[in-house]
Amino acid sequence: MAVILVTGGTGYIGSHTCVELIQAGYEVIVLDNLYNSSEAVLNRIETITGTKPKFYKTDILDKEGLRRIFAENKIDAVIHFAGYKAVGESVQIPLTYYENNISGSVNLYEAMKEAGCKTLVFSSSATVYGSPKSCPIREDFPVSTTNPYGSTKLMNEMILQDVCVSDPDWSVMLLRYFNPIGAHPSGLIGEVPNGIPNNLVPYIARVANGTLEFLRVFGNDYPTPDGTGVRDYIHVVDLAKGHISALRYAMEHKGAEKINLGTGNGYSVLEVLHAYEEACGKKLPYKIMERRPGDIAECWADTEKAWKLLGWKAEYDIQAMCEHSWNFTVKNPDGIR
Ligand code: NAD
Ligand code: UD1
């Protein structure tokens with residue numbers, strides 16, 4: 001049974017990936033500093049799968065701590081989620097983002113190299129496409145960034161491609177996520193945003209449970225069918241399964257691959273709002289506001305490479321994504337403790 005280290009494994013996407021890994025028969029070790037998540041997530045993973053992963057409360061900035069994990073365990077591959085992810089915050093405190101997402105990641109790659117563990121799945125983002133020239137977005141489209149968070153993703157991709165050039169034994173999957181939403185169908189794990197959410201679906205969830213008054217729709221004058229922004233929302237469980245397929249591929253192939261993880265479908269802000277209204281069974285108030293600076297009109301994935309290379313495609317539709325988000329919201333009014 002292959003042993004997989006999951007950094008950021010108590011976080012939103014990490015926890016769902018741990019569940020899928022365990023269910024696929026892998027042995028999972030979680031590393032997280034609990035900056036943006038709770039240790040209680042491990043009990044939830046155990047409730048779903050029957051197995052509680054071994055846990056290290058370790059920071060990826062702690063080189064010794066990383067070395068110790070690799071010395072104490074025979075790790076076959078790493079899935080690397082740990083990092084900061086708030087775009088607006090990254091503009092305010094860029095050095096903190098570069099330290100955590102770049103220095104921390106380089107520490108991890110060094111520890112892997114020392115231990116002879118050269119198989120990695122990395123959390124990148126569709127943000128590396130900047131303002132794409134057209135949709136659907138293919139992996140060979142030009143890359144650029146508009147904020148420090150996006151730059152940390154692109155820089156990690158570059159670092160890892162250089163590592164693969166320097167040593168052909170490495171296998172690296174650069175997974176470019178589109179917009180992950182939803183929660184595990186059990187309602188036991190899901191996204192717990194810190195403070196007022198920036199992202200659309202967590203915000204709508206708070207409107208639905210009455211914590212926030214109305215949705216602010218950022219612009220209805222985009223060149224899209226209803227004028228509101230269009231995105232490729234993907235169920236977090238589908239995304240997690242994409243990691244299992246990517247891991248299997250990485251264990252059999254050397255070198256670096258960039259792969260989109262999206263559904264290939266775009267939904268507008270108002271379409272998502274209406275799907276959520278169906279899910280929670282009530283009308284949700286909204287107001288049209290100014291465009292949000294930095295937003296693009298539309299962003300959705302070409303999914304052909306993921307299908308051809310990994311044999312993976314997303315299965316849940318937008319309605320299921322909203323239903324599972326609502327189920328998690330209702331069952332966890334205070335988050336996961
Ligand atoms: P999350 O915040 O829920 O999970 C990240 C986890 O990493 C948290 O549990 C946090 O405590 C941990 N962490 C942060 N810094 C750490 C450090 N220095 N040492 C150890 N642990 C640390 O975020 P998520 O939504 O699950 O995202 C996971 C990854 O996917 C991130 O790298 C993020 O940038 C990337 N990503 C997320 C999205 C999204 O919409 N959620 C989209 C594209 C890419
Ligand atoms: C944002 C990040 C992106 C990151 C992604 C996933 C920015 C500029 N981009 O993308 O880097 O990879 O999250 O984490 O922050 N919207 C509203 N009202 C709201 C919130 C959002 O109308 O309260 C609209 C937005 O204008 C957009 C859509 O909903 O059209 C989706 O927004 P969001 O969930 O924040 O994701 P992205 O902007 O795609």
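The shown structure was predicted, so the numbers you read here are calculated from the model rather than taken from an experiment. For ligands, and for the atoms within them, numbers begin at 1 and follow the listed sequence.
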Scanning both residues in full, the closest heavy-atom pair of Gln319 with Ala279 reads NE2-N, 3.6 Å
Test the Arg291-Tyr222 pair against the cation-pi criterion, namely NZ or CZ under 6.0 angstrom from the six-membered ring centroid and within 45° of the ring axis. yes
Report task. Look only at the side chain of Asp167 and the backbone of Asp169, and say whether a donor-acceptor pair between them is shorter than 3.5 Å. Result -> yes
Closest to atom 3 (O) of ligand 1 among protein heavy atoms sits Tyr12 N, 2.8 Å
If the threshold is 4.0 Å, N to carboxylate O, is there a salt bridge linking Glu304 and Arg138? no
Of all protein heavy atoms, the one nearest atom 18 (N) of ligand 2 is Arg216 O, 2.7 Å
Atom 29 (C) of ligand 1 has as its nearest protein heavy atom Phe81 O, 3.3 Å
Closest to atom 24 (C) of ligand 2 among protein heavy atoms sits Val269 CG2, 3.6 Å
Original post:
In this structure, are over 12 heavy atoms from other groups packed under 6.0 Å from Glu72 atom CD?
Top reply: yes
heavy-atom search around atom 40 (O) of ligand 1 in the protein gives Pro180 CD, 3.3 Å
Exercise. Assess Tyr267 for proximity to ligand 2: is some non-hydrogen atom of it under 4.0 Å away?
Key: no
When distances are taken from atom 27 (O) of ligand 1, the protein heavy atom at minimum range is Ile13 CD1, 3.8 Å
Checklist entry - So, Phe122 versus Phe81, ring centres under 6.0 angstrom or not? => result no
* So is Lys85 actually on top of Tyr149's ring, under 6.0 Å and inside 45° of the axis? -> no
| Are Arg292 and Asp295 ion-paired here, with the side-chain N under 4.0 Å from a carboxylate O? | yes
Less than 3.5 Å between some nitrogen or oxygen of Tyr149 and one of ligand 2, yes or no? no
Ligand 2 to Thr127, heavy atom cutoff 4.0 Å, flagged ligand atoms 11 (O)
Here the pair of heavy atoms bringing Cys164 nearest to Val172 is SG-CG2, 3.5 Å
One finds that the ligand 1 atoms under 4.0 Å from a non-hydrogen atom of Ser124 are 43 (C), 44 (C)
Inset, instruction - Examine Phe218 against ligand 2 and note whether any of their N/O atoms are separated by less than 3.5 Å. - result: yes
closest protein heavy atom to atom 27 (C) of ligand 2 is Arg231 NH2, 3.7 Å
I want to know whether Tyr97 and Tyr84 have ring centres closer than 6.0 Å. yes
Taking the six-membered ring for Trp, are His253 and Tyr249 parallel (under 30°), tilted (30 to 60°) or perpendicular (over 60°)?
-> parallel
The closest protein heavy-atom partner of atom 38 (O) of ligand 2 is Arg292 NH2, 2.8 Å
Min over Gly83, Ser125, Ser105, Gly14 of heavy-atom distance to atom 5 (C) of ligand 1 lands on Gly83
Report task. Answer yes when Glu27 and Lys54 have at least one side-chain N-carboxylate O distance shorter than 4.0 Å, and no when they do not. Result -> no
In terms of its nearest heavy atom to atom 33 (C) of ligand 1, the top option of Tyr149, Tyr56, Phe178 is Tyr149
Closest to atom 5 (C) of ligand 2 among protein heavy atoms sits Asn199 ND2, 4.3 Å
Could you give me the CA-CA distance, side-chain angles and deciding distance for His274 and Tyr267, then say whether ring-ring contact (aromatic ring centres under 6.0 Å, His included) is met? CA-CA 11 Å; His274 296 322; Tyr267 288 94; over 10 Å; no
ask   = Looking at His324 versus His184, is the centre-to-centre ring distance below 6.0 Å?
value = no
So that I can tick it off, tell me whether Glu64 and Arg67 are bridged by a salt bridge, with the cut-off set at under 4.0 angstrom between side-chain N and carboxylate O. yes
Check your understanding: Do any heavy atoms of Gly294 fall under 4.0 Å from ligand 2?
Key -> no
- Would you check the N or O atoms of Leu215, main chain and side chain alike, for any that come under 3.5 Å of an N or O of ligand 2? no
If you scan protein heavy atoms around atom 7 (C) of ligand 2, the nearest is Val87 CG2, 3.8 Å
Atoms of ligand 1 under 4.0 Å from any heavy atom of Leu34, numbered from 1 in the order shown, are 11 (O)
For Tyr35, the ligand 1 atoms with a heavy-atom partner under 4.0 Å come out as 11 (O)
_Strictly distance-based, threshold 3.5 Å: is any side-chain N or O of Thr228 a donor or acceptor partner for the main-chain N or O of Val269?_
yes
- Distance-only, no hydrogens or angles: does the Thr7 side chain make a donor-acceptor pair with backbone N or O of Ala82 under 3.5 Å? yes
CD1 (Ile4) and CG (Leu21) are apart, to the nearest 0.5 Å, by 6.5 Å
Taken to the nearest 0.5 Å, the spacing of Arg44 CZ from Ser38 OG works out to 8.0 Å
Under 4.0 Å between heavy atoms, the region of Phe214 that gets near ligand 2 turns out to be neither
Taking only non-hydrogen atoms of Gly11 and a 4.0 Å limit, the atoms of ligand 1 in range are 3 (O), 4 (O), 9 (O)
Judged by heavy atoms only, the candidate from Val6, Asn36, Asp32, Val30 nearest atom 9 (O) of ligand 1 is Asp32
Ligand 2 to Asn179, heavy atom cutoff 4.0 Å, flagged ligand atoms 36 (O), 37 (P), 39 (O)
Counting from 1 in the order shown, the ligand 1 atoms closer than 4.0 Å to a non-hydrogen atom of Thr58 are 19 (N), 20 (C)
Ligand 2 atoms nearer than 4.0 angstrom to some heavy atom of Asn198 are 20 (C), 35 (O)
Ligand 1 to Gly8, heavy atom cutoff 4.0 Å, flagged ligand atoms 6 (C), 7 (O)
**Message:** Regarding Lys57 and Asp32, does a basic nitrogen lie under 4.0 Å from an acidic carboxylate oxygen?
**Reply:** no
Atom 34 (O) of ligand 2 sits nearest the protein heavy atom Leu200 N, 2.8 Å
the protein heavy atom lying closest to atom 17 (C) of ligand 1 turns out to be Asn33 ND2, 3.2 Å
- Message: Using a 3.5 Å cut-off on N or O atoms only, is Tyr203 in polar contact with ligand 2?
- Response: no
Could you tell me whether Ile60 and ligand 1 have an N or O pair separated by under 3.5 Å? yes
The protein heavy atom nearest to atom 25 (O) of ligand 1 is Lys85 NZ, 2.7 Å
the protein heavy atom lying closest to atom 25 (C) of ligand 2 turns out to be Asp295 OD2, 3.4 Å
Note: Asn100, heavy atoms under 4.0 Å from ligand 1, region reported as side chain
One finds that the ligand 1 atoms under 4.0 Å from a non-hydrogen atom of Ser123 are 29 (C), 30 (O), 32 (O), 35 (C)
In Asn101, Thr145, Thr127, Asn156, the residue satisfying side chain to side chain donor-acceptor pair (under 3.5 Å) with Ser151 is Thr145
- Item | Glu191 near ligand 1 by a heavy-atom separation under 4.0 Å | no
